[in-house]
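These numbers come from the heavy atoms of this one structure, side chains and all, not from hydrogens, waters or symmetry mates.
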Amino acid sequence: MALLGSCAPSMHLEIVAAAVVDVGKDSYTAMMTRLSSARIWLQVAAGYLLAMLGCAMMMSNALGAVPAADTQVGPVLQLDERVVGTLVGKHLRYLEDPAGTLTLEQVQAMPTRFVQSTSAAPNFSFTASTYWFHLRLDNHHSTQRDWLLEAAYPLIDHYTFHVLENGQLVDTTEAGRAFPFHQRAIKNRNVVYPLALMPGQDSEVYIRVQTSSSLQLPLRVWTPQAFVVKDHDEQVIQGIYYGILFSMLVYNFLIFLSIREITYLNYVHFIGSSILFLLSLGGYGFEYLWPESTRWAMTAQPVLISFTLVGMLNFSRSFLSMNKLMPRAARLVRLTAYLMLALTVAPFVLPYALSLKLAVAGALASALIVFTCGGISLASGARQARYFMLAWTVLLLGISLYALKTFGLVPSNLLTEYAMQIGSALEAVLLSFALAHRMAILKEENERIQQEANYQLEQRVAQRTQELDAALQQLSAANLALQEKNRSDGLTGVKNRRFFDEQLTIEIKRSSRAQLALTLLLIDIDHFKQVNDRYGHLAGDACLRAVATAVYRCLQRPSDELARYGGEEFAALLPHTDYAGGLQMAERIRAAVAALTFEYDGHSIPVTVSVGCATTVPTRDYVCDRLIAAADGALYEAKRSGRNRVVGADIVVAE
């Protein structure tokens with residue numbers, strides 16, 4: 001993750017909002033808002049500059065930054081305890097072979113063309129030339145016979161070691177990533193060449209170096225015992241480091257399989273490709289993953305850089321919810337990811353050096369884009385951006401510390417030597433935590449949205465229920481009004497014949513069950529035809545209304561019903577009323593109508609009624625028509641007897 005992190009930096013912009021007591025001045029608040037915004041963007045700019053420094057330093061292995069380490073200076077390297085594990089570049093002389101055609105004999109014949117190295121680790125960056133290095137060794141150790149030369153840069157294609165003793169060639173060995181890994185004399189990620197020098201013996205070593213990558217030779221001298229200890233410590237540290245990264249990879253992949261959240265898949269892509277890139281950069285990939293694939297070993301770095309950048313860009317886009325919050329930035333990030341994906345095929349069609357330079361340029365551009373988007377997201381108040389930026393900050397601190405150690409500004413120790421690995425491992429852990437925190441934020445947001453939606457739904461349901469209740473009440477009232485209208489006589493306002501027929505059936509059944517008397521009054525207006533003929537039908541209508549009103553006022557109980565039976569005839573239905581009570585009510589009605597003062601169009605018109613009364617105590621099978629016929633017969637008798645009178649039929653006893 002070191003290279004990836006350094007090429008995708010961001011500063012942790014944790015904004016601590018000071019609690020401001022109300023000072024009553026809006027201008028103060030506005031000023032503080034502007035200062036806060038300016039502070040954020042100053043931090044963003046400073047962070048990016050620091051990131052670029054880190055990126056430049058971390059590309060040292062690829063583009064040729066020169067480590068600052070030095071021990072002994074001189075043409076002859078004295079082998080003793082003081083030189084174990086140190087860089088011996090200043091004891092080297094080098095010769096450039098532009099055509100790459102010189103042989104050992106030709107090189108030996110040109111001693112004056114060699115140039116003394118002034119760097120502890122000679123570095124010629126990308127070059128098409130082949131370089132020859134010359135090292136003179138003198139074993140002053142009293143007992144140590146076996147020594148190791150470690151070329152601590154695993155990306156060199158072709159080393160050729162020539163060892164001479166007393167001017168005679170005693171050994172020639174080829175190594176590098178252009179050769180299958182099993183051919184190495186010592187199985188190590190770096191090229192390690194064994195030397196056997198008797199105490200007091202001296203020798204010369206010519207090293208021919210040719211590569212498509214950056215040409216550099218950080219050469220160290222070890223005793224076998226010291227090298228085993230060093231290699232063991234490195235293996236432990238690297239095992240812990242890659243174990244952390246791999247654990248984060250597996251953990252988040254399992255989470256992705258569980259919840260199918262694309263951000264986790266992007267994280268897995270990012271971390272997984274970062275692991276592969278770092279393994280290839282450190283030589284572990286060639287040692288453990290593709291030891292026989294020399295073609296891929298000489299192609300992997302630019303491919304994996306570009307592929308890792310694709311994962312980084314997609315992860316940043318989904319993690320910061322750019323599609324929703326920053327659609328324009330999301331389109332830029334997506335386009336950049338497509339370009340990085342296209343660069344993954346560049347090493348197969350373009351020279352290695354050009355492909356790597358394009359990949360590094362893409363890394364710098366991607367870093368700027370991601371870091372700016374992170375700053376914008378943080379400035380807009382996105383909570384998940386805090387941990388996103390914190391994760392990159394930890395990586396930047398590790399990169400910066402390693403850079404300071406490289407320039408010799410801080411001492412070299414376990415912390416500074418592995419600051420890059422520590423920072424990138426913590427970055428992976430923090431990004432995993434940031435993912436979990438983001439999911440918690442999304443869950444909280446979803447719950448809040450759900451609660452708001454439920455509340456709004458409840459409000460809408462309550463409002464709709466009220467509206468429906470009101471509509472139902474209106475509909476019920478309308479139905480009642482319609483029913484009442486259908487049951488009422490349009491002229492007089494009393495019930496109509498249809499209602500009377502239905503109610504009579506109901507009351508007969510009810511009286512039959514209770515064995516109570518039921519009385520029916522049939523009321524007819526006397527000489528009504530003369531009123532129509534003399535005063536007109538409008539007068540007749542007014543007369544009907546006046547009589548209906550007078551009769552209705554005489555009815556005292558809620559169960560009594562008055563209906564217009566037909567023409568000028570009315571029917572009064574009196575439940576629970578015996579024959580005597582019926583005659584009494586009939587007489588009251590007759591008297592009320594007779595006392596009625598009916599005037600129409602300036603004319604005083606006398607009005608009387610004849611009433612027929614019939615009473616029965618019906619049985620279950622009693623027929624309604626028998627009661628109507630009895631009341632009608634009594635009415636006929638009243639009219640035949642001179643009108644304006646009440647005639648009752650004998651009590652009709654049900655059979």
Side-chain angles (χ1 to χ4, degrees), residues 71-122 124 129-153 156-176 178-179 183-186 188 190-211 215-224 226-227:
T71 54
Q72 301 182 18
V73 179
V76 178
L77 178 62
Q78 306 293 336
L79 296 180
D80 53 31
E81 290 84 352
R82 294 174 300 173
V83 301
V84 174
T86 62
L87 290 168
V88 298
K90 291 188 178 182
H91 293 274
L92 294 172
R93 297 186 306 144
Y94 63 86
L95 169 67
E96 183 178 6
D97 178 10
T101 59
L102 296 179
T103 64
L104 175 62
E105 291 76 11
Q106 291 172 329
V107 168
Q108 288 179 289
M110 296 183 290
T112 59
R113 292 183 54 183
F114 275 86
V115 178
Q116 182 66 44
S117 171
T118 59
S119 171
F124 301 94
S129 298
T130 298
Y131 277 79
W132 287 82
F133 295 91
H134 178 238
L135 175 65
R136 294 179 60 189
L137 301 172
D138 189 357
N139 186 6
H140 279 206
H141 199 283
S142 60
T143 59
Q144 185 65 44
R145 176 180 179 274
D146 295 321
W147 297 86
L148 300 175
L149 288 179
E150 180 192 24
Y153 185 59
I156 295 296
D157 295 343
H158 196 159
Y159 292 99
T160 303
F161 292 88
H162 301 280
V163 180
L164 291 85
E165 295 179 2
N166 299 322
Q168 298 297 318
L169 180 66
V170 296
D171 183 63
T172 297
T173 299
E174 293 182 312
F179 301 92
Q183 295 182 8
R184 297 189 180 186
I186 296 178
N188 190 269
N190 295 321
V191 172
V192 181
Y193 181 74
L195 283 172
L197 293 176
M198 298 299 293
Q201 181 182 358
D202 59 10
S203 66
E204 295 179 85
V205 179
Y206 286 89
I207 307 173
R208 181 181 183 273
V209 181
Q210 183 275 327
T211 186
L215 194 153
Q216 49 188 293
L217 187 64
L219 194 65
R220 297 179 186 270
V221 176
W222 298 94
T223 64
F227 182 79

Hey, are the side chains of [X] and [Y] touching, using non-hydrogen atoms and a 4.5 Å cut-off?
X: Leu148; Y: Val221; answer: no
X: Trp132; Y: Arg93; answer: no
X: Val191; Y: Ile156; answer: no
X: Gln108; Y: Leu164; answer: yes

Tell me every residue that passes side-chain hydrogen bond (donor to acceptor under 3.5 Å, both in side chains) with [X], counting only those two or more places apart in sequence or in another chain.
X: Gln201; answer: Glu165
X: Asn188; answer: Asp231
X: Glu81; answer: His141
X: Thr172; answer: His162

Enter the distance from [X]:[atom1] to [Y]:[atom2] here, rounded to the nearest 0.5 Å.
X: Tyr206; Y: Leu95; atom1: OH; atom2: CG; answer: 9.5 Å
X: Thr223; Y: Trp147; atom1: OG1; atom2: CH2; answer: 6.5 Å
X: Gln216; Y: Thr211; atom1: CD; atom2: OG1; answer: 9.5 Å
X: Ser203; Y: Leu197; atom1: OG; atom2: CG; answer: 4.0 Å
X: Leu102; Y: Arg113; atom1: CG; atom2: CZ; answer: 7.0 Å

Results of side-chain contact (heavy atoms from CB on, under 4.5 Å) for [X] - residues two or more places apart only:
X: Ser129; answer: Glu96, Pro98, Thr127, Tyr131
X: Ala109; answer: none
X: Thr103; answer: Glu105, Gln106
X: Asp202; answer: Asp138

By salt bridge (charged side-chain N to carboxylate O under 4.0 Å, His left out), Asp157 pairs with (sequence neighbours left out) Arg177

Applying salt bridge (charged side-chain N to carboxylate O under 4.0 Å, His left out) to Glu204 and not counting sequence neighbours gives none

For Phe161, the ring-ring contact (aromatic ring centres under 6.0 Å, His included) test, sequence neighbours excluded, returns Tyr159, Tyr193

For Phe133, the ring-ring contact (aromatic ring centres under 6.0 Å, His included) test, sequence neighbours excluded, returns none

Could you tell me whether a side-chain N or O of [X] sits under 3.5 Å from a main-chain N or O of [Y], the two making a donor and an acceptor?
X: Arg145; Y: Ala196; result: no
X: Asn139; Y: Gln144; result: yes
X: Gln116; Y: Lys90; result: yes
X: Ser117; Y: Gly89; result: yes
X: Asp80; Y: Arg82; result: yes

With Leu219 as partner, the option from Leu135, Leu87, Thr86 fulfilling side chain to side chain contact (heavy atoms under 4.5 Å, CB included) is Leu135

Minimal heavy-atom distance between Leu217 and Ala151, with the atoms involved, is CD1-CB, 4.1 Å

In short, Pro194 meets Val192 closest at the heavy-atom pair CD-O, 3.7 Å

(Q) Quick check on Arg136: does its CZ atom have over 12 non-hydrogen neighbours (other residues, nucleotides or ligands) under 6.0 Å away? (A) no

With side-chain contact (heavy atoms from CB on, under 4.5 Å) as the criterion, how do Leu169 and Leu104 come out once you've worked through the C-alpha distance, each side chain's angles and the decisive distance to 0.1 Å? CA-CA 10 Å; Leu169 180 66; Leu104 175 62; 3.9 Å; yes

